[in-house]
Amino acid sequence: MQGGSGFNAVPPAFDKSRVLDVKPLRSLRPIFPNANEAPPFLCPSPSGPFPPGYSPFYPFSMPPPSEPPEVNQPEEPPTWTPPAAPAPIRAFRTPEMANGDVDQSGKEAGPSNSKKRSSSRTRGSTSSQKKEKGRKFHLNPAITANYVVPVSQAQREDGSRYVVDLVLITFDGLRRRLSQLEDAKEVPSGLARRSDLRAANILMTKGFRTNMRKRIGVVPGVEVGDIFFFRMELCMVGLHSQSMGGIDWIGGKGSLDEEPLAVSIVSSGYYDDDAEDKDILIYSGQGGAMTRDKPVGDQKLERGNLALERSMRRANEVRVIRGIRDVANPNAKIYVYDGLYVIQESWVEKGKSGANTFKYKFVRVPGQPEAFAVWKSIEKWKENISSRPGLILPDLTSGVETIAVSLVNDFDDEKGPAYFTYCSTPKYSKSFAIVQSSYGCGCRKGCAAGDLNCACIRKNSGDLPYTTSGVLVSRKPLVYECGPSCPCGPNCKIRVSRSGLKVRLEVFKTKDRGWGLRSYDPIRAGAFICEYAGEVIDKDRLKKKLQEGDNDEYIFDSSRSYEPFKWNYEPGLLGEEGTNGASEDPDIPSPVIMTAKDFGNVARFMNHSCNPNVFWQPVIYEENNESFVHIAFFAVRHIPLMTELTYDYGTLPQEGDNGFNLRKKKCLCGTSECRDYFVL
DNA sequence: GAAGTCTCACTGAA
DNA sequence: CTTCAGTGAGACTT
């Protein structure tokens, strides 16, 4: 969940005041999606440059996928070895990696020559076993002892963008897996379905967390505008370490001269917090609320309230996290980190129930990128799209999609991208059916997780690939969805990518990369975004096009090389043996090549990035007795609204492959792992 | 150790 | 069918 373009060292894409400050680079011709000929130094990249301390997320070295494994080779032992450490690509300053065993004091259990996983095996695990007391969740210590947490002691104390990303992605991967297991178990429902608590518990007891040192002000690696879907996520990255409490503070223990000072608050709108002005927050103190054992009472100047009072006197900066109701999932909340505030005044007020309540007026420290304010603007645009500045078209799909996609240019005069015909699904010109006679499931009432009688679930190796909330659990070589011949209804959980757009998207003019795609809605990790639609062509046709000098910049080609990356949960964290069925890398019977130059959907506007926030996943389902592979896009991490969506265009295996050099373009993604060029 | 907490997912009534 | 209040187990902190 990085801000993508929302890195704060630099104006995020949505910071319009800053955008307007930029002198128009009129020399750039409207080439899209990328202007490759701009001199590199002229590159005020839209999303970069990034803070020097930022290191990229994909930490794990994996063999390049140039040799895809045989399609059916079940007897092959797991080929993927869990990462021993955040390996070569990025060297941490502290070479020694934390061991999985963390003793009670949170210190490393010993000197770490235990870089190799196997070497930690002999270590006694008594201390960690002692700790397991009272834990509902049973880890297999024999196996988990082998797992080396890729977070060093130093990183545990003080984070960075890299570690924050790593922690959050690991957390959510684990949480999705736990959620998947819960779904399948048919728990009597009601209680205990707290995959968030369990995932956080597993990671935190292992020391897989960061920024444990509490601090006032900026938390390294967390940026204004970042979003979270669980309170535990805030704890794990050190933004706010109370799992429920709204006020977090330091000091105030024992000695009188050490005053408690607030470090952060979470505003959930539970009390009557006033949010009239975007930069002002009226926050209620804690306590006095009615509980099971206690009636409503006056709030007291103690604990968090005292810390807020002292912070006001000292005028120290307090981080503010705003809880916002998730429109997509009304019983959940999204937490937006809105940056630093100072407390300007406080007073006591009679609350609804007549009890005294403390009130604090928080004022936002100027000069920070907009975060919550953007949410407010977008609410208005969504109500009335014509109020969106720079709007060219309210719906460029002309109603083809069930949700409108707006076309906006608030950057220059260009009136829109080159002409194309919008279509929401791929066009197969001749038979590209992959699997002969396919068969669906027989579930009449929708496919239920854990039902191994469901043929579609069996095809997905026994797991329902999506959680109840519809997010993809793990990347897989191929995901099988239900098709038209399955009797399960449209609400079946295995029909995610077929059901069309879920978020409100905008095609917008970027500063130097032509047109791009972003969302008015926040997107959570693993959520489906869109599929790639275009004309499906074969390799020969592509070759011919390129030889004829066709300047087609809208090619999707699954046979390119893609940077491998780790996204799935780590089985070792669950005490599972092996790799839970292996590769994350796409593996499809024959390559899928599409051109979206003349026919296509929103996906054709997604730009390339070497550190993308979106990945593609092949999905197969049957239509008219034939099965077709579709290319579905999912979010790598939580993506704040108005952050540009990007994926990795991949590279061709060999220099000199036909058309390669022609189509090699200077990359402007601006991320620190930029490969300097990409292939159109 | 105990108490405190602006949780989260679910339930059932309106 | 949505919205709302009510419920309980829960995990982190001081």
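Keep in mind that the numbers below use all heavy atoms, side chains included, and drop hydrogens, waters and symmetry copies. In the text below, chain A, chain B and the rest are named by the order of the sequence lines, each starting its count at 1.
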Pairing of A/Arg161 and A/Asp226 as salt bridge, 4.0 angstrom limit = yes
First of A/Arg325 and A/Met232 reached from the 5' end of DNA chain C, by closest nucleotide | A/Arg325
For A/Arg325, does the CZ atom sit with more than 12 other heavy atoms under 6.0 Å from it, leaving out its own atoms?
-> no
Under 4.5 Å between any side-chain heavy atoms of A/Lys278 and A/Trp375, yes or no?
-> no
Does [X] put a side-chain nitrogen or oxygen below 4.0 Å from OP1 or OP2 of [N]?
X	N	answer
A/Asn331	B/dA9	no
A/Lys333	B/dC8	no
A/Tyr335	B/dC8	yes

With sequence neighbours left out, write down each residue that passes side chain to side chain contact (heavy atoms under 4.5 Å, CB included) with [X], or none if nothing qualifies.
X	result
A/Ser241	A/Lys214, A/Asp248
A/Ser499	A/Lys502
A/Glu317	A/Leu340, A/Val342, A/Val365

[X], nearest nucleotide to its side chain (from [options]):
X	options	result
A/Met204	C/dC4, C/dC12, B/dC8	C/dC12
A/Gln286	B/dC8, C/dT14, B/dC6	B/dC6
A/Ser268	B/dC6, B/dG4, B/dC8	B/dC6
A/Phe230	B/dA9, C/dC12, B/dT7	B/dA9
A/Leu197	C/dA11, B/dA9, C/dC12	C/dA11
A/Ser243	C/dA11, B/dC8, B/dT5	C/dA11
A/Arg231	B/dC8, C/dT13, C/dT14	B/dC8

Check [X] against [Y] and note the closest heavy-atom contact, atom names and distance.
X	Y	value
A/Pro522	A/Ile334	CG-CD1, 3.3 Å
A/Ile385	A/Ser406	CD1-OG, 3.9 Å
A/Arg198	A/Glu182	NH1-OE2, 2.6 Å
A/Ala632	A/Phe528	CB-CE1, 3.8 Å

Rounded interatomic separation in angstrom, taking [atom1] from [X] and [atom2] from [N]:
X	N	atom1	atom2	result
A/Phe362	B/dC6	CZ	P	13 Å
A/Asn329	B/dT7	CG	C1'	14 Å
A/Phe358	B/dT5	CZ	P	13 Å
A/Asp248	B/dT7	CG	P	15 Å
A/Ile265	B/dC6	CD1	P	11 Å
A/Glu302	B/dA2	CD	C1'	14 Å
A/Leu234	B/dT7	CG	C1'	11 Å
A/Ile202	C/dC12	CD1	P	12 Å

Stems with DNA chain B, 3 or more Watson-Crick or G-U pairs in a row (under 3.5 Å), are B:2-5 with C:11-14, B:7-14 with C:2-9
Give a yes or no on whether a donor-acceptor pair under 3.5 Å exists between the nucleobase atoms of B/dT7, that is its base, and the side chain of A/Arg194.
-> yes
Identify, with sequence neighbours excluded, every residue that meets side-chain hydrogen bond (donor to acceptor under 3.5 Å, both in side chains) alongside A/Ser243.
-> none
A/Arg303 vs A/Ala332, nearer the 5' end of DNA chain B by closest nucleotide | A/Arg303
For residues 487-495 of chain A, which residues have at least one heavy atom under 4.0 Å from DNA chain C?
-> none
Sugar-phosphate only, base, or nothing, as touched by A/Lys300 at under 4.0 Å among non-hydrogen atoms | nothing
Do we see A/Trp249 stacking on the base of C/dT13, given a limit of 5.5 Å between centres and 30° between planes?
-> no
